[in-house]
**Q** 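Pasting a structure below so you can have a look.
In what follows, chains are A, B, ... by sequence order, proteins preceding strands, each numbered from 1.
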Amino acid sequence: MRVTSTRYRTLLLALLCAPVTACDDASVPAPLTQDPDAGLKVYHHSMDESPASLDPVQAANIYANHILENTLDTLYAYKYLARPYELKTNLADGWPEISEDRLTYTIRIKRGVRFQDDACFPQGRGREVTAADFVYSLKRNFDPKNRPQGAWFWQGRIVGLDEWKDAGSDHAKEVPGLLALDRYTIQVRLTRPYPQLLDTFAQGYSGVIPREAVERYGREFGVHPVGSGPFKLVSYDSARAVLDRNPHYRQEPVDLAYEGYDPATQRYSGVERIAGRSPPFVDRVIFDFASDDASRWNSLTKGDEIQYAAVPPEKLDEILASRSPPRLKPEYAERYQLIVGLEAGFVFEVFNFSDPRYGYHPDPVQAGRNKALRCAIMKAFDWPARNESWYGGLARVFPGVIVPVTAEFDPDTPVDTITRDVPGARRLLAENGWNAGNLPEFVYGNSAGVKQRMMFEQLRAWLIDIGYPTEKVINKNYATFGDLSRAWKQNELPLISKGWGLDFPDAENTLQLFYGPNGSPGSNDANYRNPEFDRLYEEASVMLPGPERTAIYRRMNEILLQDCVGMTGLSRTRTYLWHKNVVGLPDREITGGFWIKFVDVLPKGESARPADLGQEI
Amino acid sequence: MDLLRFALRKLLAGLPLILGVTLLSFTLMVYFGPDKTYQLLGKNPTPEQIAEIRHELGYDRPFVTRYVEYLRQLVTLDFGNSDSTGEEVNAVLARTIPVSLALELPGFILGNLLAIGLALTAGYFRGGWPDKLIMGLAVIGMSISFLIVIFAFQIWFCTSYGLDWFPVRGWKAENLAEYLRHIAVPTLATMFVALGYSTRFYRAVIVEELNRDHVRTARAYGTPPARLFYRNILKNCAIPIITRIMFTIPSIVIGGALLIETTFGIPGVGKVAYEAIVSGDQPVLKAVVGLTALLFVVTLLITDILYRAVDPRVSIR
């Protein structure tokens with residue numbers, strides 16, 4: 001009763017004192033680049049969406065990771081400037097000792113690293129980070145109460161972890177394959193070799209948190225993460241997140257060569273200014289969640305608000321003097337720095353092989369006809385038109401599922417599967433007995449939206465070109481992406497159209513999308529099952545990177561193309577602008593946000609770009 | 001005592017409304033709303049994980065059990081935690097409702113005052129050029145999409161392409177000057193659009209009153225215009241005006257202003273409510289719908305009491 005009346009009072013007070021409360025909100029900093037009153041050096045970063053939860057076990061997207069990678073520590077991280085991406089040690093004190101059979105990893109963590117000061121600790125003073133904290137944090141991914149989303153990285157991989165979950169996820173009980181041997185030593189024992197294990201320890205999911213915080217904040221830990229990263233979250237709502245410098249962050253001067261600095265391509269960013277200094281270099285980072293393109297653009301160009309933003313596709317012609325190589329018009333080059341780069345991921349459209357009208361069929365003859373139908377639809381697909389219509393012509397179309405940013409990508413893969421060939425498609429259909437009368441309905445599922453509808457209409461026009469009757473190409477709208485995802489997982493649609501962002505820079509991350517045992521509701525929404533593909537996947541999954549593994553990956557890619565799995569793929573080009581007084585080289589790919597701790601801000605009017613460089617990058 | 005009895009009777013009479021609204025909205029949420037399960041799953045889920053998530057969300061419990069739980073939450077004002085962020089729903093509302101109120105109240109108050117003033121002017125000069133001008137502007141205000149008004153005002157007042165007087169995005173209310181700077185353009189945009197609807201409505205009410213015998217008589221006796229408008233017209237128009245104003249309040253308090261909040265980066269309740277709708281965050285939705293229904297009942301009661309205050313002929317028995 002007491003609780004109830006308190007709640008009534010709280011709500012009533014909130015309503016009555018609304019304007020006063022709003023006027024008392026002192027947690028929101030001034031929207032200036034450098035607020036002279038507070039004397040703070042502030043970096044304003046914009047994102048096109050807001051994260052849902054900041055609990056690391058739910059860090060399923062780059063938006064959450066942008067904040068968590070700067071709030072928490074992971075054992076490993078990606079180098080700031082090295083491309084292709086390379087891992088480096090972070091909280092881990094050096095590389096692990098790996099047993100001969102590659103099943104046991106012994107990882108030491110740095111001594112003296114402290115959690116951020118927080119009310120969850122005695123006297124509010126953060127305590128030292130220990131190996132047990134990592135063990136606890138990783139085990140949380142296997143506790144259903146936390147609604148974890150990253151368990152799949154370690155499922156069936158770590159000895160005893162699945163059994164620990166099946167026994168009720170009791171944190172008092174040990175997992176034999178995940179132990180804190182002492183205060184600073186972690187031991188991980190695997191069921192089979194896992195070459196990507198260290199990559200998984202760079203993910204937000206494995207961010208190290210103190211148990212005290214989870215126990216204090218409960219479910220609200222999702223809006224109150226506590227870690228040992230370079231910044232501490234001080235406020236978070238639907239419009240922005242404010243992170244302040246962690247004054248106790250360890251002193252680790254930047255070694256640009258170690259971080260993979262390439263003066264030829266990166267000097268323009270001015271990152272040489274941070275060499276030898278210990279991050280973080282700004283007092284405050286403000287993430288503005290600006291989903292509306294126009295508003296974000298207006299804020300960027302205003303000059304004293306957000307300092308970094310993705311460029312809306314419709315603005316590309318306004319800002320670029322040349323697309324290849326990308327070069328800013330002089331009026332923009334005066335004020336902004338530019339980066340144009342491929343995403344670490346791709347968009348693709350694959351057939352649902354569990355649909356007997358397009359995929360597998362018990363009758364071998366029909367199965368052959370279905371394959372011909374899939375191949376014909378692939379030939380109808382006009383990639384250049386799609387690229388021009390939706391990605392400003394800047395995206396990269398490639399054959400297969402090994403994306404260009406990975407080392408395993410083969411630029412010499414034949415491009416016939418991504419080349420439009422309407423006569424060839426018509427011939428293929430006719431040879432296999434397909435005609436307007438017997439072609440199956442083609443239901444295209446998408447989430448409701450004008451753009452999605454237009455994409456459907458474009459695809460329908462291409463299908464009509466190869467002989468599909470208009471009425472057989474049907475659009476099916478779903479209210480949300482979650483509903484569309486449910487339709488895929490429940491095999492309701494013949495075609496799956498989605499995007500995939502790499503979790504780590506290894507082609508395994510996209511090839512697993514076609515591994516048979518990952519079928520629905522797993523990541524293999526296509527329900528593709530090919531014994532040869534699965535055998536190769538299993539063989540490669542325990543191999544270390546190298547030419548032999550790359551050859552297997554490329555063979556798997558060929559198998560997918562030969563089976564006409566779908567229209568794939570396209571890596572989008574990201575275009576970003578940032579103010580010239582910001583020292584940094586943005587990159588939102590892979591875990592996202594790992595570069596922000598290196599950002600510095602110069603006084604307004606100064607430029608990070610070396611004076612001797614011209615406009616071209 | 002009469003007033004207290006009246007209030008209690010009104011509140012009791014509001015119970016079926018609350019039950020109806022909550023039952024209908026809960027049915028829609030459960031059977032037609034977005035399925036949160038598939039947003040909370042990892043990239044490579046198993047059927048067991050889907051079942052675990054559904055259990056955590058309470059989707060595996062009978063409808064009636066869940067609805068009774070909803071009513072209990074409404075009575076205790078404990079809506080649990082958001083399914084998206086994990087934050088307590090009460091904390092979300094206590095944080096966002098004041099922001100939305102601070103954002104919308106100035107436009108609401110100024111807009112209505114201005115609309116009444118314009119409606120009186122238009123009514124007084126009915127058929128003349130001031131009337132035509134005001135009604136013409138009202139139609140323009142009503143005809144332009146709110147979204148276009150927001151963007152036009154943002155570009156005009158806030159950006160380097162225009163006057164560049166106010167911030168494009170953000171919310172800062174540390175002092176009155178900053179607060180006014182941040183609400184100026186949202187308030188102007190809200191007023192621009194709302195003014196058209198309100199002015200037309202109030203004018204219609206006022207014109208109807210102008211045609212009444214007692215007004216004609218007062219005019220014939222030479223009552224000065226100000227006195228005529230205040231004593232003979234405005235007081236008699238008070239009931240429809242109060243009705244319109246009062247019934248806007250619940251949507252201001254709980255509904256917020258989605259477009260304004262999204263475009264100007266303001267952390268109000270409108271954006272939270274919208275995101276709850278599209279993401280299927282049932283705890284937040286249940287709170288928003290339930291509290292809106294409650295507020296409507298309270299508003300009905302206050303409106304009835306106000307009727308009595310402005311018109312003694314209205315009985316509160």
**Q** So, using side-chain hydrogen bond (donor to acceptor under 3.5 Å, both in side chains) as the criterion, who are the partners of A/Asp293 when residues are at least two apart?
**A** A/Arg296
**Q** Among A/Leu484, A/Asp503, A/Asp525, single out the residue with the greatest number of heavy-atom pairs under 4.5 Å to chain B.
**A** A/Asp503
**Q** Where does B/Thr96 contact chain A at under 4.5 Å (heavy atoms): side chain, backbone, both or neither?
**A** neither
**Q** Given a strict heavy-atom distance threshold of 4.5 Å, which part of A/Phe221 is in contact with chain B: side chain, backbone, both, or neither?
**A** neither
**Q** With distance as the sole test, does A/Ser523 use its side chain to make a donor-acceptor pair with the main-chain N or O of B/Asn44 at under 3.5 Å?
**A** no
**Q** Sub-4.5 Å heavy-atom contacts with chain B: which residues of residues 514-522 of chain A show up?
**A** A/Asn518, A/Pro521, A/Gly522
**Q** Could you walk me through whether B/Tyr161 and A/Thr301 pass side-chain contact (heavy atoms from CB on, under 4.5 Å), step by step?
**A** CA-CA 9 Å; B/Tyr161 304 108; A/Thr301 53; 3.9 Å; yes
**Q** What part of B/Leu41 gets closer than 4.5 Å to chain A, counting heavy atoms only: side chain, backbone, both or neither?
**A** backbone
**Q** When you check the side-chain N and O atoms of B/Thr37 and A/Arg486, is any donor under 3.5 Å from an acceptor?
**A** no
**Q** With rounding to the nearest 0.5 Å, note down the distance linking OG1 in A/Thr480 to CD1 in B/Ile277.
**A** 13.0 Å
**Q** Are the side chain of B/Lys36 and the backbone N or O of A/Gly482 linked by a donor-acceptor pair below 3.5 Å?
**A** no
**Q** Among A/Tyr205, A/Trp500, A/Phe153, single out the residue with the greatest number of heavy-atom pairs under 4.5 Å to chain B.
**A** A/Trp500
**Q** Identify which part of B/Ile266 has an atom lying under 4.5 Å from any heavy atom of chain A, answering side chain, backbone, both or neither.
**A** backbone
**Q** In terms of side-chain geometry, is the basic nitrogen of B/Glu48 or A/Lys165 positioned less than 4.0 Å from the acidic oxygen of its partner?
**A** no
**Q** Measure the OH-CD distance between A/Tyr236 and B/Glu87 for me, rounded to the nearest 0.5 Å.
**A** 8.5 Å
**Q** Can you confirm whether B/Asp83 sits close enough to A/Arg219 that some side-chain heavy atom of one is under 4.5 Å from a side-chain heavy atom of the other?
**A** yes
**Q** For B/Glu56, is it the side chain, the backbone, both, or neither that has a heavy atom closer than 4.5 Å to a heavy atom of chain A?
**A** both
**Q** Non-hydrogen atoms of chain A under 4.5 Å away: do they reach the side chain of B/Gln39, the backbone, both or neither?
**A** both
